[in-house]
Peer 1: 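Dumping the structure here so I can ask a few things about it.
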Amino acid sequence: MKLFLKRRELYPLYFVLLIDIVYYGILILLDPGFQTDDFVVFSHIKKSCSPISFNPKEIFYLFIRPVSYFSFWLDYHLFGEHASVMKFVSLLLFLAFLSLFYFFLIKVSEVTKVRFDGISAFFICLIFSFHADTMLWVTWISNRTELLYMLFYLCSLIFAFNFVTSSKVKLGYLTGYITCYILSIFSKQQSLHLPLLIILLVFILKNSISKEKFSLLFRSSLFLSFVIPVFSIFNFFLYGGRLNILQNLWKKPFSIVGILVYSIFPFGADNIYGYFVNNKYLAVLILFLIFLIAIIVLLKNKSFFQQKHRLIKAVLLAIIFFLIIFFPRIFLEGQNRINSVQIFWAMVLFYYFSSKVVGKRKYLLWALLILYSIVNANYSIDYLKKNRFLNQIYYKQALEFDHFTSSLNGQSVILTGYLAHIIPYESYFIEHGTFGKKNVTVAPSAYFYNAISVNTFKKNGPVVSCLMEGDQVTIRRISDFVVLRYFVENENSLSFNLIEDLKSDVRGSDLIKYRIPHEFMQNKSCFLYYDGCKWNEYNKSK
């Protein structure tokens, strides 16, 4: 009977894996090609031919992501220019992740002493599968970094939980926890916080585990936690120009709320995230009202005074938990695209609370989960269509760039253009059918966010004009829709570093003036810029 029960517990997993194979198979067929960052990543891999990147100046800093880099290296040397095959590899990894996630929910039930609910776990896995963020793990090759670090993050958690719940002290589980954590941060550093989370866990479970287990897991996690400041300091020197920590400090609480809401309800994600980040006064008012209502409810609850110490402890632990899982996500850009850890824990908490529902309310909950899964899947498909449409726009821009530069002799410099750092790579792929980079340089430039999509929909002509006098470049805004940002492009490292954000997406600055460094003025045939509709040339000899 016990064996039959275990088999029966696996049936929901089999169904969700089957659904995912069909669902993602269709999505891959709808969007089988490379996109944006893929061209750059594989161009660097083709150029280096090494399974590990040792160049700290390489774009996307893949040398500190050796596991992800090696994965892409294998893709290129096994499948060449076949993007759809690479996406099916990502699908296999995602199915492995989803299987482990299902078993992790069983482990959560065991640790929290609640009965495992296979049907709720089935729907939670479906919701996870259909989320717009996790969908990119499979459909966008470069975003496999998210999938890999989450796969090893989950493995590390499972080993840690098994170490806690095992009848004996098993050092194999402890070794697995440490090894998978290292593999996770070498895939992407978003999982740096895990040792702190485990330390919090062992203190919560201190009374229910042996002193030997507590000591081993605590010391191991404390040792691993020394990795956090090392990577953090290292990343600060790499990404420091993009963080704007002090400048945007007031945004962080609203950003956290926006990410949490998006993690559970991705529908209209840009509006949700942007609302909490950019509308601070109204957001403060709403959060204050919610806090006030919560205080009133607690004060009217007689049991609150009887259990206030226990409740205060629970609230503090929840706050610490959320602060931990948001490190280092809260310091990075990415808006609603790099929230994998937050989505993961939102789904785990979602499962925990749903598994405690009993009686007729359970059937109502399942009905709501079915509806939510359908809406989530529909939104993700629409999200993919939007990305596919934008990729067609980027492809058109790269194609036009390829035709425009084919008659030019020597190196050219791109002054501006949406995803300008991608254009030389995508243009080369269009012309040669393989990975490489056009003989052009992306100069320090003003970056025009949404210039292409605006003009695609509005058909209102150029969004910017450009005038160059000597080394002085003047960009004048024409369209009301464009957001102006300053970026600097390092010619040697080809890395994008934000040096100034004009009052955080101010829409309305008419003029931007900047000087092109002298080294960019040497041995370049001409300067190019994209005005939102077409490529334009300013020849310095004129």
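Count residues from 1 along the sequence.
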Peer 1: Looking only at heavy atoms, what is the nearest atom pair of L13 and S99, with distance?
Peer 2: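 Heavy atoms only, the tightest pair is CD1-CA, 3.8 Å.
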Peer 1: Could you tell me whether a side-chain N or O of T134 sits under 3.5 Å from a main-chain N or O of F130, the two making a donor and an acceptor?
Peer 2: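 Checking the backbone N and O of F130 against the side chain of T134, no donor-acceptor pair under 3.5 Å is found.
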Peer 1: Grab the two heavy atoms, one from A96 and one from L151, that are nearest each other, plus how far apart they are.
Peer 2: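 Shortest heavy-atom contact: C-CD1, 4.3 Å.
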Peer 1: State, with a plain yes or no, whether a side-chain heavy atom of Y69 is found less than 4.5 Å away from one of S48.
Peer 2: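 Yes; the side chains approach each other to less than 4.5 Å.
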Peer 1: Within a radius of less than 6.0 Å around NE2 of H77, do more than 12 heavy atoms belonging to other residues, nucleotides or ligands occur?
Peer 2: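 More than 12 heavy atoms, drawn from other residues, nucleotides or ligands, come within 6.0 Å of this atom.
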Peer 1: Give me the ring orientation class for F116 and Y351: parallel if the planes are under 30° apart, tilted from 30 to 60°, perpendicular past 60°.
Peer 2: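 Answer is tilted, since the angle falls between 30° and 60°.
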Peer 1: Might you point out which heavy atoms bring N339 and D133 nearest each other, and give the distance in Å?
Peer 2: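 Of all heavy-atom pairs spanning N339 and D133, the closest is N-OD2, 3.8 Å.
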Peer 1: Keeping the roles fixed (side chain from T145, backbone from K188), state whether a donor-acceptor pair exists under 3.5 Å.
Peer 2: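 No, T145 side chain to K188 backbone: no donor-acceptor pair under 3.5 Å.
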Peer 1: Run the ring pair (Phe, Tyr, Trp, His ring centres under 6.0 Å) test on F203 and F218 for me, step by step, so that the C-alpha distance in whole Å, both residues' side-chain angles and the decisive distance to 0.1 Å come before the verdict.
Peer 2: CA-CA 9 Å; F203 271 103; F218 176 76; 5.7 Å; yes
Peer 1: Run Q189 and I64 through side chain to side chain contact (heavy atoms under 4.5 Å, CB included) and show every step you take.
Peer 2: CA-CA 9 Å; Q189 282 76 58; I64 59 170; 3.3 Å; yes
Peer 1: From S184 OG over to Q190 CD, what is the distance, rounded to the nearest 0.5 angstrom?
Peer 2: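 That separation rounds to 10.0 Å.
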Peer 1: Under 6.0 Å between ring centres, would you say that holds for F159 and Y181?
Peer 2: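 Between Y181 and F159, which both carry aromatic rings, the centre distance is not below 6.0 Å.
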Peer 1: To the closest 0.5 Å, what do you measure between CZ (F435) and OH (Y425)?
Peer 2: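 So the CZ of F435 and the OH of Y425 are separated by 12.5 Å.
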Peer 1: Taking the side chain as everything from C-beta on, heavy atoms only, tell me whether L317 gets closer than 4.5 Å to I204.
Peer 2: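 Touching, per the 4.5 Å side-chain cut-off.
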Peer 1: How are the rings of F94 and F97 set relative to one another: parallel (under 30°), tilted (30 to 60°) or perpendicular (over 60°)?
Peer 2: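 Parallel.
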Peer 1: Measure the shortest side-chain to side-chain distance between S53 and F72 over non-hydrogen atoms and say whether it is less than 4.5 angstrom.
Peer 2: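 A side-chain contact under 4.5 Å is absent here.
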Peer 1: Quick one: does S187's side chain have a donor or acceptor within less than 3.5 Å of a partner on L183's backbone?
Peer 2: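 Checked: pair present.
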Peer 1: Just by distance, no angles: are the side chains of H193 and Y153 close enough, under 3.5 Å, to form a donor-acceptor pair?
Peer 2: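 Yes.
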Peer 1: Using distance only, find each side-chain donor-acceptor pair of residues 287-294 under 3.5 Å and give its atom names and separation, not counting sequence neighbours.
Peer 2:
none

Peer 1: Any chance you could lay out the side chain to side chain contact (heavy atoms under 4.5 Å, CB included) test for W140 and K87, step after step, and finish with the verdict?
Peer 2: CA-CA 7 Å; W140 186 14; K87 293 182 181 183; over 6 Å; no
Peer 1: Looking at side-chain heavy atoms only, is the closest gap between F163 and Y177 below 4.5 Å?
Peer 2: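 Of all side-chain heavy-atom pairs linking Y177 with F163, none is under 4.5 Å.
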Peer 1: Suppose we screen for salt bridge (charged side-chain N to carboxylate O under 4.0 Å, His left out). Which residues come up paired with D75, at least two apart in sequence or across chains?
Peer 2: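 Only R144 meet the salt bridge (charged side-chain N to carboxylate O under 4.0 Å, His left out) criterion with D75.
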Peer 1: For the CZ atom on F15, are there more than 12 heavy atoms of other groups (residues, nucleotides or ligands in this structure) within a distance under 6.0 Å?
Peer 2: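 Result for CZ/F15: open.
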Peer 1: Quick check: closest heavy atoms across I127 and M347, and the distance to 0.1 Å?
Peer 2: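 Smallest interatomic distance, heavy atoms only, reads CG2-SD, 3.6 Å.
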Peer 1: Which pair of heavy atoms, one from K362 and one from V357, lies closest together, and at what distance?
Peer 2: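 Heavy-atom minimum between the residues: CE-O, 2.7 Å.
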Peer 1: Return the CD1 to CZ distance between I324 and F326, rounded to the nearest 0.5 Å.
Peer 2: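 Between I324 CD1 and F326 CZ, I get 12.5 Å after rounding to 0.5 Å.
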Peer 1: Are the aromatic ring centres of F152 and F186 under 6.0 angstrom apart?
Peer 2: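 No - the distance between ring centres of F152 and F186 does not fall below the 6.0 Å cut-off.
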Peer 1: To the nearest 0.5 Å, what is the distance between CG on L136 and CD on E146?
Peer 2: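 That separation rounds to 9.0 Å.
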Peer 1: Can you tell me how far apart CD1 (I422) and CG (D37) are? Round to the nearest 0.5 Å.
Peer 2: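 Result: 4.5 Å between the selected atoms.
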Peer 1: For the residue pair T165 and E110, establish whether any side-chain heavy-atom pair is separated by less than 4.5 Å.
Peer 2: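 In short, these two side chains touch, coming nearer than 4.5 Å.
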Peer 1: Should F39 and Y394 count as side-chain neighbours, where that means a heavy-atom distance under 4.5 Å?
Peer 2: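 No, their side chains stay 4.5 Å or more apart.
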Peer 1: Run the side chain to side chain contact (heavy atoms under 4.5 Å, CB included) check on L100 and C155 step by step: do they pass?
Peer 2: CA-CA 7 Å; L100 290 173; C155 288; 3.5 Å; yes
Peer 1: Can you tell me how far NZ of K168 sits from OG of S210, rounded to the nearest 0.5 angstrom?
Peer 2: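 Between S210 OG and K168 NZ, I get 13.0 Å after rounding to 0.5 Å.
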Peer 1: Evaluate side chain to side chain contact (heavy atoms under 4.5 Å, CB included) for F103 paired with L10, printing each intermediate quantity in order.
Peer 2: CA-CA 9 Å; F103 288 114; L10 293 177; 3.5 Å; yes
Peer 1: Could you tell me if the side chain of L27 sits less than 4.5 Å from the side chain of V138, heavy atoms only?
Peer 2: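 They are not in side-chain contact.
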Peer 1: Sequence neighbours excluded, which residues qualify as salt bridge (charged side-chain N to carboxylate O under 4.0 Å, His left out) partners of E426?
Peer 2: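 So E426 forms no salt bridge (charged side-chain N to carboxylate O under 4.0 Å, His left out) with any residue.
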Peer 1: Just by modelled atom types, is the V67 backbone N or O under 3.5 Å from a matching donor or acceptor in the S71 side chain?
Peer 2: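 Side chain of S71 to backbone of V67: no pair is present.
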Peer 1: Counting distance only, does the side-chain N/O of Y76 pair as donor-acceptor with the main-chain N or O of I45 below 3.5 Å?
Peer 2: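 No, Y76 side chain to I45 backbone: no donor-acceptor pair under 3.5 Å.
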Peer 1: Would you say F223 has more than 12 foreign heavy atoms packed within less than 6.0 Å of its CZ?
Peer 2: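 Atom CZ in F223 is not packed in, count stays at 12 or less.
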Peer 1: Mark yes or no for whether S215, through its side chain, and E212, through its backbone, hold a donor-acceptor pair below 3.5 Å.
Peer 2: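 Checked: no pair found.
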Peer 1: Quick one: does S68's side chain have a donor or acceptor within less than 3.5 Å of a partner on R65's backbone?
Peer 2: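 Side chain of S68 to backbone of R65: no pair is present.
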Peer 1: Please name the pair of heavy atoms, one in P32 and one in A83, separated by the smallest distance, quoted to 0.1 Å.
Peer 2: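 Smallest interatomic distance, heavy atoms only, reads O-CB, 3.2 Å.
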Peer 1: Report the residue from S90, S340, S129 that forms a side chain to side chain donor-acceptor pair (under 3.5 Å) with W137.
Peer 2: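 In the set S90, S340, S129, the residue that makes a side chain to side chain donor-acceptor pair (under 3.5 Å) with W137 is S340.
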Peer 1: Under 3.5 Å, is there a donor-acceptor pair between the side chain of S373 and the main chain of L369?
Peer 2: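 Side chain of S373 to backbone of L369: a pair is present.
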Peer 1: Are Y24 and F88 side-chain neighbours, meaning at least one heavy-atom pair lies under 4.5 Å?
Peer 2: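 No. Closest side-chain heavy atoms not under 4.5 Å.
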